[in-house]
Amino acid sequence: MSLIFRLAGQRCNSQFLKNSNGLISCIRPVTLKATNVSPPSKEGHDERNMKLKRPQSPHLTIYAPQLTSLLSISHRATGIVLSGYAIGLGLGAIVLPESIPHYIDCLHEMGPAAVSFVKFSLSFPMAYHFWNGIRHLIWDTGKMLTIPQVYTTGYIMLAVTFATAGFLTVM
Amino acid sequence: MALALVLKKSLSVQATQNFFKTAIKVDSKRPFTQILSAIKKEPIKVCRESKFNTPKRLMSGDHGKLWTVERGVSVALLGMVPIALLAHNTLLDDVLAASVVIHFHWGLEANVIDYVRPIIFGHAVPKVALGLLYLVSISTLGGLIYYNHSSIGISNTVRKIWKKE
Ligand code: HEM
């Protein structure tokens with residue numbers, strides 16, 4: 001069968017060439033050979049990259065930090081920190097030998113620097129996650145998603161966050 | 001040989017015909033979109049292998065509705081956090097505890113699914129991690145509600161930290 005096609009193709013070819021009709025002469029007959037379809041690879045994208053020892057994508061140690069990616073991972077980080085506080089309070093209330101108010105009294109005895117440190121450690125993640133959470137919820141409605149808008153709201157959020165956290169710390 | 005001759009004839013005729021057909025069909029203004037729309041009519045069947053040996057992530061089913069509920073809780077938290085922290089009311093402290101725990105549980109669950117993947121940790125560890133998270137979340141909710149009722153509660157704790165000497 002392929003022989004027939006090849007013969008036919010060759011004939012056509014020579015005819016076209018003889019024809020030397022500019023456009024058609026650039027059509028080249030091709031012989032197709034049928035082969036069995038190889039089954040789709042069982043190996044997934046992640047397995048393949050691991051096997052080839054490819055670095056993580058994006059390659060974080062060489063990929064330039066950007067406001068977008070930094071603010072994104074910070075939302076996750078502050079969410080995890082806040083969760084840690086909530087879990088600490090909830091489990092602490094059950095397992096700690098003394099009551100929580102007793103530990104707060106101890107904190108105040110340690111002096112204003114320690115209190116300010118705790119206030120900032122509580123208010124900064126909360127302020128960040130609160131204000132940036134608004135940004136996330138706006139994006140979830142499909143708004144403010146252009147790159148300039150993401151940068152503008154990002155800088156506004158950062159300013160408001162530091163103002164809020166600073167105010168709550170000195171309050 | 002006769003067949004070859006026939007083929008030769010038909011090929012040369014077809015080739016020229018097809019050439020002009022395509023040349024006429026695709027109008028020069030938006031040839032690419034026309035090609036695309038022609039392709040769209042005949043959907044490409046993507047052969048997707050659904051039974052990979054290792055699941056990439058612990059995912060199941062349709063999460064569309066859960067996503068909406070998660071955003072609803074986030075919007076509610078936006079109001080609940082300031083209101084409850086300023087109101088100093090045991091009931092509001094309980095509502096705050098419940099909404100915060102459900103919110104961080106979903107958040108941490110997403111983290112477990114993202115980072116504790118079967119491809120890295122094998123089949124057992126991700127399930128254990130998720131089970132542990134459930135245990136921690138439920139214990140935290142229980143602990144916070146116990147604290148709200150047996151001690152000063154969440155909002156008064158914050159006030160006590162912030163109180164001036
Ligand atoms: C005050 C109001 C809050 C709002 C408006 C809010 C909003 C959000 C939103 C929208 C997300 C999803 C982000 C995304 O789409 O990737 C999120 C994630 C999360 N939130 Fe909150 N949140 C609030 C308070 C809290 C609190 C109090 C905690 C912990 C105690 C918390 C813990 C988390 C965690 C752990 C995540 C998952 C982060 C991630 O995996 O990306 N959030 N929050």
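These numbers come from the heavy atoms of this one structure, side chains and all, not from hydrogens, waters or symmetry mates.
- Between A/L137 and B/L78 the shortest side-chain heavy-atom distance falls below 4.5 Å.
- The shortest non-hydrogen separation linking A/M171 to B/K164 is C-NZ, 2.9 Å.
- Under the salt bridge (charged side-chain N to carboxylate O under 4.0 Å, His left out) criterion, A/R48 pairs with no residue at all, not counting sequence neighbours.
- B/W106 is not connected to B/F104 by any chain of hydrophobic side-chain contacts under 4.5 Å among Ile, Leu, Val, Met, Phe, Trp and Tyr, and they are in different clusters.
- Within the hydrophobic cluster formed by Ile, Leu, Val, Met, Phe, Trp and Tyr side chains joined at under 4.5 Å, directly or through other members, A/L52 stands alone, with no partner residue.
- Under a hydrophobic-cluster definition in which Ile, Leu, Val, Met, Phe, Trp and Tyr are linked whenever side-chain heavy atoms come within less than 4.5 Å, directly or via other members, B/V81 and B/I83 are assigned to the same cluster.
- Under the ring-ring contact (aromatic ring centres under 6.0 Å, His included) criterion, the residue pairs touching residues 57-94 of chain A are A/H75-A/H129, A/H75-A/H136, with sequence neighbours excluded.
- Neither the backbone nor the side chain of A/L82 comes within contact range of chain B; no heavy atoms are under 4.5 Å apart.
- Atom-to-atom distance recorded for B/I161:CD1 and A/K119:NZ is 9.5 Å, nearest 0.5 angstrom.
- Placement of A/L145 and A/L67 within a single hydrophobic cluster is found when ILVMFWY residues are connected by side-chain heavy-atom separations under 4.5 Å, directly or transitively.
- Neither the backbone nor the side chain of A/V37 comes within contact range of chain B, judged by heavy atoms closer than 4.5 Å.
- Of all heavy-atom pairs spanning A/A86 and B/L144, the tightest one is O-CD2, 4.2 Å.
- Using a 4.5 Å cut-off between heavy atoms, B/S74 touches chain A through backbone and side chain atoms alike.
- Contact check for B/V75 versus A/D140: no side-chain heavy atoms found under the 4.5 Å cut-off.
- Cluster annotation: A/W139 and A/I147 are assigned to the same hydrophobic cluster (Ile/Leu/Val/Met/Phe/Trp/Tyr, side-chain heavy-atom contacts under 4.5 Å, transitive).
- Considering every non-hydrogen atom in both A/I73 and B/Y115, the closest pair reads CD1-OH, 4.3 Å.
- The CE atom of A/M126 lies 8.0 Å from the CG atom of B/L85; values are rounded to the nearest 0.5 Å.
- More than 12 heavy atoms of other shown residues, nucleotides or ligands fall within 6.0 angstrom of atom OH in A/Y151.
- Taken from NE2 in A/H108 to NZ in B/K160, the straight-line distance is 6.5 Å, to the nearest 0.5 Å.
- Looking only at side-chain heavy atoms (C-beta outward), A/F130 and B/L77 stay at 4.5 Å or farther from each other.
- Contacts between residues 88-104 of chain A and chain B, defined by a heavy-atom separation under 4.5 Å, are made by A/L89, A/G90, A/L91, A/A93, A/I94, A/I100, A/P101, A/I104.
- Annotation for B/F121: atom CZ counts as buried by contact number, over 12 foreign heavy atoms lying within 6.0 Å.
- With hydrophobic clusters built from ILVMFWY side chains whose heavy atoms lie under 4.5 angstrom apart, B/L141 does not share a cluster with B/V69.
- The most heavy-atom pairs under 4.5 Å with chain A, out of B/V136, B/T157, B/V158, B/N111, come from B/N111.
- If you measure heavy-atom distances from B/H103 to chain A, the contacts under 4.5 Å come from the side chain alone.
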